[in-house]
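First the structure, in the form of structure tokens, and then the observations on it.
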There are 2 protein chains.
Amino acid sequence: MAQPAMVESRERSDRDELLRDVMDRIGDKWSVTVICRLDDGPLRFNALRRAVKGITQRMLSTTVRRLERDGLISRTVEPTVPPRVEYALTERGRSLHGILAELVAWTEANLDEIRRDREEYDAAASSQAEQ
Amino acid sequence: MAQPAMVESRERSDRDELLRDVMDRIGDKWSVTVICRLDDGPLRFNALRRAVKGITQRMLSTTVRRLERDGLISRTVEPTVPPRVEYALTERGRSLHGILAELVAWTEANLDEIRRDREEYDAAASSQAEQ
DNA sequence: CGGAATCCCTCTTGATACTG
DNA sequence: CAGTATCAAGAGGGATTCCG
């Protein structure tokens with residue numbers, strides 16, 4: 001039999017850096033929302049802007065460029081005047097969205113209790129501060 | 001038949017805010033790594049500090065306090081001298097780790113290609129800047 | 001329409017030193 | 001051992017303006 005070490009080639013700390021590389025990308029304020037919106041279908045710049053409530057032009061521009069750089073979304077320009085630019089999830093982006101959808105489901109299932117725990121924690125902390 | 005709207009009670013924009021609430025928590029620099037380390041078993045403060053390479057005392061302290069506030073990890077103090085404080089994942093923390101593990105797997109499967117795409121993207125961008 | 005450039009401010013993080 | 005306090009630096013993000 002082969003040693004487990006041959007299959008388990010990555011150390012834990014390597015996985016840490018790996019995961020952080022992706023978390024740094026999708027952990028910003030807007031990336032996950034943009035991915036979720038585009039999972040419903042391709043959108044042009046201003047339509048996407050309207051779909052992602054609260055985002056500024058600058059941040060949408062920055063976010064889609066970074067996602068395109070990582071091959072998670074595609075950017076298609078029709079050279080008309082004025083130009084039409086369409087953004088869509090790539091296959092890689094769709095596969096990532098599948099996992100994010102699980103995170104959404106987990107959040108919906110847990111967030112109410114988490115918020116209660118937060119209040120409880122804050123109440124306990126502030127009552128202790130009064131001592 | 002019941003309207004789909006009765007089941008689909010949350011709007012997309014509500015889910016956006018929901019998900020961001022959790023992403024804001026685990027999207028910071030250290031939370032995910034701490035959760036992954038504690039999934040291997042409970043650890044005391046300095047052991048956890050050694051397990052999470054590169055973290056400072058201050059950031060570990062801040063991170064575990066926030067994770068405890070959300071009920072993702074537990075903090076147990078043995079009132080000895082000097083004190084022993086043990087951190088462990090809660091049931092909720094373990095269930096979240098299950099999803100993070102999928103994210104780790106996705107990252108391991110995709111990161112090499114992502115990094116290649118990044119280089120390609122940057123090379124194309126810089127060659128265009130020379131024009 | 002779909003951006004880029006600039007300014008500015010806040011929040012996160014890190015370094016360091018101190019403590020029960 | 002397990003933290004807290006203080007300070008400084010840097011990145012992320014918002015508002016505004018300009019452009020092809």
Side-chain angles (χ1 to χ4, degrees), chain A residues 16-17 20-34 37-38 42-70 73-88 121 125-126 128-129 131, chain B residues 16-17 20-21 23-34 37-38 42-70 73-88 121 124-126 128-129 131:
Chain A
D16 288 350
E17 292 176 34
R20 180 139 62 226
D21 195 317
V22 167
M23 288 301 293
D24 283 348
R25 168 97 347 278
I26 66 171
D28 62 17
K29 189 170 179 180
W30 300 108
S31 289
V32 169
T33 307
V34 168
R37 282 297 141 282
L38 288 179
L43 287 173
R44 287 168 57 190
F45 188 85
N46 279 324
L48 184 55
R49 177 156 152 51
R50 283 186 294 271
V52 180
K53 290 189 65 171
I55 197 170
T56 62
Q57 274 184 334
R58 191 179 98 86
M59 288 316 299
L60 180 55
S61 176
T62 304
T63 302
V64 292
R65 205 182 323 122
R66 288 199 281 226
L67 292 174
E68 187 201 359
R69 180 172 179 261
D70 282 3
I73 69 177
S74 62
R75 180 176 180 275
T76 311
V77 184
E78 292 180 48
T80 57
V81 180
R84 292 166 160 266
V85 181
E86 194 169 81
Y87 295 94
Y121 184 97
S126 67
Q128 206 170 30
Q131 304 277 342
Chain B
D16 288 350
E17 291 176 34
R20 181 138 64 225
D21 195 317
M23 287 302 293
D24 283 347
R25 168 92 350 277
I26 66 170
D28 63 17
K29 189 170 179 180
W30 300 108
S31 289
V32 168
T33 308
V34 168
R37 281 298 141 282
L38 288 179
L43 287 173
R44 289 169 54 189
F45 187 86
N46 279 324
L48 184 55
R49 177 157 152 51
R50 284 186 293 272
V52 181
K53 289 189 68 171
I55 197 170
T56 62
Q57 271 183 333
R58 192 180 98 85
M59 288 315 300
L60 180 56
S61 176
T62 304
T63 301
V64 292
R65 205 181 322 123
R66 289 200 281 226
L67 292 173
E68 187 201 0
R69 180 172 179 261
D70 282 2
I73 69 177
S74 63
R75 179 175 180 276
T76 310
V77 184
E78 292 180 47
T80 57
V81 180
R84 292 165 161 265
V85 181
E86 194 169 82
Y87 294 94
Y121 184 97
S126 67
Q128 207 171 28
Q131 305 276 343

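By convention in this document, chain letters (A, B, ...) are assigned in the order of the sequence lines, proteins followed by strands, and residues within each chain are numbered from 1. Remember, it's a predicted structure, so these values are computed and weren't measured experimentally. Just the heavy atoms: all of them, side chains too, but no hydrogens, waters or symmetry mates, feed the values below.
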Margin query: How many whole angstroms separate atom CG of B:Leu48 from atom P of D:dA2?
Written below: 10 Å
Notebook entry, point to check: Over how many whole Å does the gap from B:Arg49 atom CZ to D:dT4 atom C1' extend?
Noted result: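 After rounding, the reported distance stands at 14 Å.
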Checklist line | With sequence neighbours excluded, residues passing salt bridge (Lys or Arg N to Asp or Glu O under 4.0 Å) with A:Asp24 | finding: none
I need the [X] [atom1] to [Y] [atom2] distance, nearest 0.5 Å.
{"X": "B:Arg65", "Y": "B:Leu60", "atom1": "CZ", "atom2": "CG", "result": "10.5 Å"}
{"X": "A:Leu48", "Y": "A:Ile73", "atom1": "CG", "atom2": "CD1", "result": "7.5 Å"}
{"X": "A:Ile55", "Y": "A:Ser61", "atom1": "CD1", "atom2": "OG", "result": "9.5 Å"}
{"X": "B:Arg50", "Y": "B:Leu43", "atom1": "CZ", "atom2": "CG", "result": "9.0 Å"}

Next item on the list: Would you mind telling me which residue lines up with the more 5' stretch of DNA chain D, A:Pro82 or B:Asn46, judged by nearest nucleotide?
Entry: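 Looking at the nearest nucleotide for each, B:Asn46 comes out on the 5' side.
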Checklist line | Any residue meeting side-chain hydrogen bond (donor to acceptor under 3.5 Å, both in side chains) with A:Thr62, in chain and number order, not counting sequence neighbours | finding: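 side-chain hydrogen bond (donor to acceptor under 3.5 Å, both in side chains) check on A:Thr62 returns nothing, list empty.
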Notebook entry, point to check: Excluding sequence neighbours, so at least two apart, what forms side-chain hydrogen bond (donor to acceptor under 3.5 Å, both in side chains) with B:Arg75?
Noted result: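 With sequence neighbours excluded, B:Arg75 shows a side-chain hydrogen bond (donor to acceptor under 3.5 Å, both in side chains) to B:Tyr87, given in chain and number order.
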What pairs of donor and acceptor atoms, side-chain ones from residues 25-34 of chain A against any protein atom, are under 3.5 angstrom apart with sequence neighbours left out?
| from | atom 1 | to | atom 2 | distance (Å) |
| --- | --- | --- | --- | --- |
| A:Arg25 | NE | A:Asp70 | OD2 | 2.9 |
| A:Asp28 | OD1 | A:Trp30 | N | 3.3 |
| A:Asp28 | OD1 | A:Ser31 | N | 2.9 |
| A:Asp28 | OD1 | A:Ser31 | OG | 2.8 |
| A:Asp28 | OD2 | A:Ser31 | OG | 2.9 |
| A:Ser31 | OG | A:Arg25 | O | 3.3 |
| A:Thr33 | OG1 | B:Arg20 | NH1 | 3.3 |

Checklist line | Boundaries of the chain B footprint along DNA chain C (any atom under 4.0 Å from a heavy atom) | finding: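 It runs C:dT13 to C:dG20.
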Mind checking what makes side-chain contact (heavy atoms from CB on, under 4.5 Å) contact with [X], not counting sequence neighbours?
{"X": "B:Pro83", "answer": "none"}
{"X": "B:Arg69", "answer": "A:Arg118, A:Tyr121, A:Asp122"}
{"X": "B:Gln57", "answer": "B:Phe45, B:Arg49"}

Note to self: Assuming nearest nucleotide by heavy-atom distance, tell me which of B:Pro83 and A:Thr62 is located more 5' along DNA chain C.
What the structure shows: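 Its nearest nucleotide lies further toward 5', so the answer is A:Thr62.
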Measure all distances between protein nitrogen or oxygen atoms and nitrogen or oxygen atoms of nucleotides 11-15 of chain D, and list the pairs falling under 3.5 Å.
| from | atom 1 | to | atom 2 | distance (Å) |
| --- | --- | --- | --- | --- |
| D:dG13 | OP1 | A:Lys29 | N | 2.8 |
| D:dG13 | N7 | A:Arg58 | NH2 | 2.6 |
| D:dG14 | OP1 | A:Lys29 | NZ | 2.7 |
| D:dG14 | OP2 | A:Trp30 | NE1 | 3.3 |
| D:dG14 | N7 | A:Arg58 | NE | 3.4 |
| D:dG14 | O6 | A:Arg58 | NE | 3.2 |
| D:dG14 | O6 | A:Arg58 | NH2 | 3.2 |
| D:dA15 | N6 | A:Arg58 | NE | 3.3 |

Margin query: Counting runs of three or more consecutive pairs, Watson-Crick or G-U wobble, with each distance below 3.5 Å, where are the stems of DNA chain C?
Written below: C:1-20 with D:1-20
Item checked: Phosphate-side-chain proximity, B:Ser61 and D:dA2, N/O vs OP1/OP2 below 4.0 Å ->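 Checking B:Ser61 against D:dA2: no side-chain N or O falls below 4.0 Å of OP1 or OP2.
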